[in-house]
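To start, the structure under review is shown below, and the notes come after it.
Order of the sequence lines sets the chain letters (A, B, ...), proteins ahead of strands, with each chain counted from 1.
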There are 2 protein chains.
Amino acid sequence: MVGKKAFTSKQKQLARLAKAMGHPVRIAIIEMLLSQSCCYHGDMSLEIPVAKSTLSQHLHELKDAGIIQGTITPPTVKYCINKENWSMAGKMFEKFFQNDKNHG
Amino acid sequence: MVGKKAFTSKQKQLARLAKAMGHPVRIAIIEMLLSQSCCYHGDMSLEIPVAKSTLSQHLHELKDAGIIQGTITPPTVKYCINKENWSMAGKMFEKFFQNDKNHG
DNA sequence: TTAGTTGTTCGTATATTTGCGAACAATAAA
DNA sequence: TTTATTGTTCGCAAATATACGAACAACTAA
């Protein structure tokens, strides 16, 4: 039990982002938001094969991970990608896949 | 219940890869393998703060997802990144983050 | 106020994940 | 054969994740 290191915050953050993307429903949500700039729960509900309550849960998880944002525009809720965080996430994954430790 | 589309195999594959990366232990494993070319269970066990049986489970998951490979070299087992699959995964994530539908 | 629309939260059930130690398997060494 | 080393699998417990419909909240329109 000596010498074992705790996880770094980068490792934890990357894992958190990956986990948030680790479900087909959430991949589909992100793709819709990326391709249409913004979308409404109802729109997504027509395309994605889960109950609206389940969709809401997945949206909540993506929001929690910082990947998307929601804005209330009664009676609907408009979701969009959190562009700043999405860009950061993209860079993290890029570095990870390149294992590029010298340009960070 | 009309008009809902099943998930594409790309969506499912990306979600599967993301899910496999969605845990700090598995991120740490991949980082070790990327930086040292190859590693042994025992080496990783000294660095990563989980029981050896738990580590074995995580290695199994990464193998299942196609990210790593294991070769028995008695009495140890040598793990390495499945470079071909890793490269493909990198490209999938790259496209996803760029939402680049015109160059695939 | 009463309906209607949209989306979230609640309550519940089931499935999966994570984790550990014990037991096991495979091999090498004595 | 016995012992030691390495790593996996088993058995179990606890925590999370997934999913659904019902109920609810917030707002708009009649």
Side-chain angles (χ1 to χ4, degrees), chain A residues 1 3-7 11-12 14-30 32-33 36 38-65 67-80, chain B residues 1 3-7 11-12 14-30 32-33 36 38-65 67-80:
Chain A
M1 297 300 181
K4 294 194 180 184
K5 298 168 185 170
F7 302 111
Q11 286 173 328
K12 287 187 280 190
L14 191 57
R16 179 174 174 70
L17 287 168
K19 191 177 179 183
M21 292 167 52
H23 192 287
V25 165
R26 298 195 287 271
I27 292 291
I29 289 169
I30 294 170
M32 289 187 72
L33 296 184
Q36 303 183 19
C38 276
C39 252
Y40 297 91
H41 182 145
D43 299 337
M44 295 189 256
S45 193
L46 293 174
E47 298 280 338
I48 299 175
V50 288
K52 62 177 184 169
S53 57
T54 304
L55 182 56
S56 203
Q57 284 183 348
H58 285 296
L59 289 166
H60 182 77
E61 281 196 54
L62 288 172
K63 214 159 43 170
D64 246 30
I67 293 176
I68 68 173
Q69 294 171 298
T71 309
I72 299 172
T73 60
T76 63
V77 178
K78 185 170 72 176
Y79 284 101
C80 30
Chain B
M1 295 299 181
K4 295 195 179 183
K5 298 169 186 170
F7 301 112
Q11 287 173 328
K12 287 187 279 190
L14 191 57
R16 179 173 174 71
L17 288 168
K19 191 177 179 184
M21 292 167 51
H23 192 287
V25 165
R26 297 196 288 268
I27 292 291
I29 289 169
I30 294 170
M32 290 186 72
L33 296 185
Q36 304 183 19
C38 277
C39 252
Y40 297 90
H41 182 146
D43 299 337
M44 296 190 254
S45 194
L46 293 173
E47 299 279 339
I48 299 176
V50 288
K52 63 176 184 169
S53 56
T54 305
L55 182 57
S56 202
Q57 284 183 348
H58 285 296
L59 289 165
H60 183 76
E61 282 196 54
L62 288 171
K63 213 160 43 171
D64 247 27
I67 293 176
I68 69 174
Q69 293 171 299
T71 309
I72 299 172
T73 59
T76 64
V77 178
K78 185 170 73 176
Y79 284 100
C80 31

### Query
Counting just side-chain N and O atoms, does His58(A) come under 4.0 Å of either OP1 or OP2 of dA17(D)?
no
### Query
Hey, does the side chain of His23(A) come within less than 4.0 Å of dA19(D)'s phosphate (OP1/OP2), counting only N and O?
yes
### Task
Nearest whole angstrom, please: distance from the P of dG7(D) to the CD1 of Ile29(B).
13 Å
### Distance test, side-chain N/O of Lys19(A) to OP1/OP2 of dT17(C), below 4.0 Å
no
### Task
Starting at atom CG of Leu46(B), determine the distance to atom P of dT5(D), rounded to an integer number of angstrom.
14 Å
### Message
Distance check needed: dT8(C) C1' versus Lys78(A) NZ, whole Å only.
### Response
19 Å
### Query
Looking across every strand, which nucleic acid part, if any, lies under 4.0 Å from Ser56(B) by heavy atom: base, sugar-phosphate, or nothing?
base
### Task
Have a look at Thr54(A) and say if it touches a base, only the backbone sugar-phosphate, or nothing, with a 4.0 Å heavy-atom cut-off.
base
### Message
Is there a side-chain contact between Tyr40(A) and Ser45(A) in this structure, where contact means two heavy atoms from C-beta onward sitting under 4.5 Å apart?
### Response
no
### Query
Between Thr76(A) and Thr73(A), do the side chains contain an N or O donor and an N or O acceptor separated by less than 3.5 Å?
yes
#### Entry: Atom pair distance, as rounded to whole Å: OH in Tyr40(A) and P in dT8(C)
13 Å
### Message
Nearest to the side chain of Gln57(A), heavy atoms from C-beta on, is which of dC20(D), dT6(C), dG7(D)?
### Response
dC20(D)
### Query
If only side-chain N and O atoms of Ser53(B) are considered, is one of them under 4.0 Å from the OP1 or OP2 phosphate oxygen of dC20(C)?
no
### Task
Check whether any side-chain nitrogen or oxygen of His60(A) sits under 4.0 Å from OP1 or OP2 of dT8(C), and answer yes or no.
no
### side-chain contact (heavy atoms from CB on, under 4.5 Å), paired with Ile48(B), selected from Leu55(B), Asp43(B), Thr54(B)
Leu55(B)
Enumerate the protein-to-nucleotides 23-30 of chain D contacts in which both atoms are nitrogen or oxygen and the separation is below 3.5 Å.
none

#### Entry: Interatomic distance where CD1 belongs to Ile48(B) and C1' belongs to dG19(C) [whole Å]
15 Å
### Query
Within this structure, what is the CG-to-P distance between Leu62(A) and dT8(C), rounded to whole angstrom?
12 Å
### His41(B): partners by ring pair (Phe, Tyr, Trp, His ring centres under 6.0 Å), with sequence neighbours left out
none
### Query
Do the side chain of Arg26(B) and the main chain of His58(B) share a donor and acceptor less than 3.5 angstrom apart?
no
### Query
Whole Å only: how far is the CG atom of Leu55(A) from the P atom of dG21(D)?
14 Å
### Task
Determine: side-chain N/O of Tyr79(B) to OP1/OP2 of dT8(D), distance under 4.0 Å, yes or no.
yes
### Task
Report the distance from atom CG of Leu59(B) to atom P of dT8(D), rounded to the nearest whole Å.
6 Å
#### Entry: Results of side-chain hydrogen bond (donor to acceptor under 3.5 Å, both in side chains) for Thr71(A) - residues two or more places apart only
none
### Message
Using side-chain heavy atoms (C-beta onward) and a distance below 4.5 Å, is Tyr79(A) in contact with Lys63(A)?
### Response
yes
